[in-house]
Amino acid sequence: MTSSVTQPADIREVAVIGLGLMGSGIAELVGRSGRRVVAIEINQTFLDQGMARLRASLDKAVSRGKLTDTARDEILARIRPTDDIPAGVASADLVIEAIPERMELKRTLFDQLDEACRADAILATNTSSLSITEIAGATRYPPRVAGLHFFNPAPVMKLVEVISTVLTSPETAETLALLSRDLRKTPVQVSDRAGFIVNALLVPYLNHAVRLLETAQATREDIDKAATAGLGLPMGPLTLLDLVGLDTSLAVLETVQAEFGGTRYMPAPLLRKLCDARLFGRKSGRGFYDYRHGTPSAAAEGHHLASPPPPAEVALIRDPDGLLDELASEINAAGISVSPQPSPQTGLVIVAADPRHRVLDAALAVGHPADVVGIHLVDVADGKPRLAELVLPDVTAAGTAAKAAALAAKLGLDTVTSRDRPGFLTAALAYPQFNDAVRMFQDGFASPADIDIAMMLGCGYPRGPLQMLDEAGPAHVVSVLEAMHAATGDPAFTPVPLLAEYATAGTRFRS
Ligand code: CAA
Ligand code: NAD
């Protein structure tokens with residue numbers, strides 16, 4: 001039993017149970033810190049696979065010059081693989097469980113650990129979302145049980161969520177926070193609530209990306225590009241789902257759905273179907289992308305519309321808050337003449353689009369809607385658009401869309417193509433997550449600073465969601481969310497009361 005804070009130096013032997021995606025990374029990380037590791041799997045086949053993954057990761061570090069051959073060999077010598085759970089955990093100071101995200105498996109294992117571990121060993125679970133209180137309930141001494149939640153890839157991502165139940169002793173939580181720092185991670189301490197900080201925000205966003213795909217809002221590549229080029233995230237949501245594993249993501253969604261209800265966490269049917277087909281992502285060779293012949297390129301060529309030559313003249317109108325001047329100067333700078341008066345002879349009518357309004361209304365007002373395409377410049381904060389969303393009402397002619405793509409290419413703009421629904425692509429992905437982040441703060445679960453740090457260190461966000469919300473402007477975010485709500489009828493997009501309050505008061509979430 002722990003009655004005082006165990007220092008990281010006193011955690012000399014760590015048993016890692018489950019050597020899958022996460023367990024192999026955690027075992028590598030702990031082995032690199034100089035500690036002994038017992039790497040435990042359910043049978044020899046999975047043990048061999050897990051050790052092969054771990055070895056490959058170390059070999060990669062050697063080939064990149066980040067690790068010497070000798071250091072790799074020393075790390076491997078400290079890792080003892082076994083498929084005997086009771087013998088494997090018997091002398092461990094700390095056990096980190098990383099088996100599949102299923103409560104019955106975890107409870108059975110913790111019941112077994114209770115018998116097999118030393119009485120003063122700390123029992124940690126790497127669960128993504130399950131109730132740690134319920135897992136601890138399978139043991140006789142819940143004060144020594146806590147969540148120690150690493151992020152994928154474990155050796156790389158800097159965050160660890162240290163999760164305490166109402167029964168976890170402060171000493172256990174403190175030891176795990178100190179250990180995290182010793183492993184060169186940043187701990188964020190939270191209480192036991194489904195999805196903790198990161199997954200409660202990340203997984204509904206991933207799910208929404210799947211909904212956008214299955215409702216043909218955009219191609220998978222463009223959905224991913226909206227996140228990387230539009231929001232500056234290191235990976236698009238569909239690529240990230242493939243990295244995390246669709247099965248794990250679905251399990252997390254089901255847990256947060258059971259805890260919070262509502263439509264936001266309801267798994268997208270396509271996600272469930274891919275899981276039914278055992279297309280779990282990278283680990284099974286196929287998910288949203290196909291990895292069987294190597295890593296697919298981030299944006300497959302040829303999915304955009306075939307480009308005719310760019311038009312010599314376009315008509316440009318505003319809808320009604322789009323950044324007309326920004327777009328007009330971009331087009332003029334490319335040597336294309338801009339007319340403010342659309343006529344059927346102009347050929348291409350560009351609407352400077354705003355994610356609060358669908359383009360269709362402006363297109364119908366023009367009188368020849370088949371010639372109309374919306375262009376929305378994303379992120380013009382520093383005066384240089386990173387990405388243009390080409391917004392196509394269903395009435396737009398294919399030839400018109402191709403001319404708009406040619407125009408964007410001539411302007412040197414990176415583009416994604418979106419159907420004409422409020423939010424388009426980038427805001428549709430990001431703003432509901434900002435809303436969820438405000439709800440988390442409103443609930444008193446985490447501070448804005450902790451939320452932002454968690455998303456930056458756990459998922460590689462360049463800035464946290466609440467900082468991004470401040471930059472976009474709470475009032476703007478509220479009106480886009482309201483437009484998404486009006487267009488879909490989905491209550492998930494209703495701005496939470498605190499966001500509406502901040503928008504009215506002109507207050508920021510991060511000072
Ligand atoms: N294992 C070990 N190291 C790895 C690795 C792996 N699987 N993948 C990448 N790396 C290392 C590389 O070796 C490289 O190291 P050096 O800089 O020392 O050479 C470094 O990471 C960067 O790798 P790359 O240059 O190959 O790739 P990148 O720059 O595109 O970065 C990434 C890859 C770090 C994964 C980045 O794309 C990223 O941050 N993606 C977001 C990942 C994310 O959101 N994770 C959280 C998922 S949610 C979760 O985990 C919680 C849950 O419960 C589901
Ligand atoms: P995984 O499917 O890749 O690996 C799980 C491993 O556990 C498998 O190798 C399996 O053979 C093994 N296993 C199953 N039952 C076992 C048992 N009783 N004893 C020992 N080993 C057993 O899963 P994963 O993605 O590594 O996830 C593991 C845990 O980590 C889950 O709780 C998951 O939610 C969590 N997590 C996952 C990620 C991620 O991005 N995948 C990130 C953070 C946390």
Side-chain angles (χ1 to χ4, degrees), residues 15-29 32 39-51 53-54 56-67 82-85 88-89 95-110 112-113 125-130 132 135 147-161 195-203 205-206 227-228 233-237 239-253 255 280-284 295 298 454-462:
V16 179
I17 310 186
L19 223 52
L21 279 182
M22 289 307 291
S24 56
I26 296 168
E28 174 187 340
L29 177 72
R32 277 172 176 255
I40 305 177
E41 255 296 345
I42 201 154
N43 62 38
Q44 193 60 45
T45 309
F46 290 126
L47 196 56
D48 292 344
Q49 280 172 11
M51 285 305 294
R53 191 182 295 112
L54 194 159
S57 179
L58 289 174
D59 287 345
K60 194 169 154 201
V62 171
S63 68
R64 286 178 169 229
K66 306 272 174 185
L67 198 68
T82 177
D83 61 357
D84 183 340
I85 297 179
V89 299
V95 177
I96 304 175
E97 166 274 309
I99 68 170
E101 189 73 345
R102 284 173 39 201
M103 181 57 83
E104 72 282 7
L105 292 181
K106 306 234 188 222
R107 276 186 64 97
T108 305
L109 177 65
F110 273 72
Q112 204 181 351
L113 294 180
T125 169
N126 186 49
T127 180
S128 297
S129 60
L130 293 171
I132 294 160
I135 295 172
L148 189 64
H149 187 214
F150 292 88
F151 291 80
N152 189 1
V156 181
M157 308 314 287
K158 291 289 167 218
L159 183 75
V160 175
E161 289 175 317
F196 323 124
I197 296 181
V198 171
N199 282 334
L201 299 180
L202 180 74
V203 176
Y205 147 84
L206 299 177
T228 52
L233 305 187
M235 273 182 174
T239 304
L240 184 53
L241 275 161
D242 279 353
L243 176 77
V244 165
L246 274 56
D247 51 344
T248 302
S249 305
L250 178 61
V252 177
L253 264 173
T255 307
F280 295 143
R282 275 172 198 257
K283 66 181 173 187
S284 67
T295 305
M455 296 309 287
M456 288 167 75
L457 300 183
C459 301
Y461 278 39

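Counting starts at 1 for both ligands and their atoms, in listed order. For the numbers below, each heavy atom of this structure counts, side chains included, while hydrogens, waters and symmetry mates do not.
Around atom 35 (C) of ligand 1, the closest heavy atom drawn from S63, P153, S24 belongs to P153. Heavy-atom proximity to atom 14 (C) of ligand 1, evaluated over R53, R64, K66, is greatest for R64. Summarising the contacts of atom 11 (C) of ligand 1 with N126, V244, V156, the nearest heavy atom is found in V156.
The distance criterion of under 3.5 Å between nitrogen or oxygen atoms is not met by L19 with respect to ligand 2. The distance criterion of under 3.5 Å between nitrogen or oxygen atoms is met by I99 with respect to ligand 2. The shortest N or O to N or O distance between E28 and ligand 1 is not below 3.5 Å. Checked against a 3.5 angstrom limit, the closest N/O atoms of N126 and ligand 2 fall inside it. Ligand 2 has no nitrogen or oxygen under 3.5 angstrom from a nitrogen or oxygen of D247. For ligand 2, none of its N or O atoms has an N or O atom of H149 under 3.5 Å away. Of the polar atoms of K106, at least one N or O is found under 3.5 Å from an N or O of ligand 2, judged by distance alone. On a distance-only criterion, V244 and ligand 2 share at least one N/O pair closer than 3.5 Å. Here's the thing with V252: none of its N/O atoms is less than 3.5 angstrom from an N/O atom of ligand 2.
The closest approach between a heavy atom of G25 and any atom of ligand 1 is not below 4.0 Å. In this structure, H149 has a heavy atom closer than 4.0 Å to ligand 1.
Closest to atom 1 (N) of ligand 1, if we only count protein heavy atoms, is S57 OG, 3.7 Å. Scanning the protein for heavy atoms near atom 11 (O) of ligand 2, the closest one is E41 OE1, 2.8 Å.
Donor-acceptor pairing under 3.5 Å is recorded for the side chains of T125 and E97.
Heavy-atom proximity to T127, at under 4.0 Å, picks out these atoms of ligand 2: 32 (O).
Using modelled atom types, no side-chain atom of E41 and backbone atom of G50 make a donor-acceptor pair closer than 3.5 Å.
Only side-chain heavy atoms of M157 come within less than 4.0 Å of ligand 1; its backbone N, CA, C and O stay farther off.
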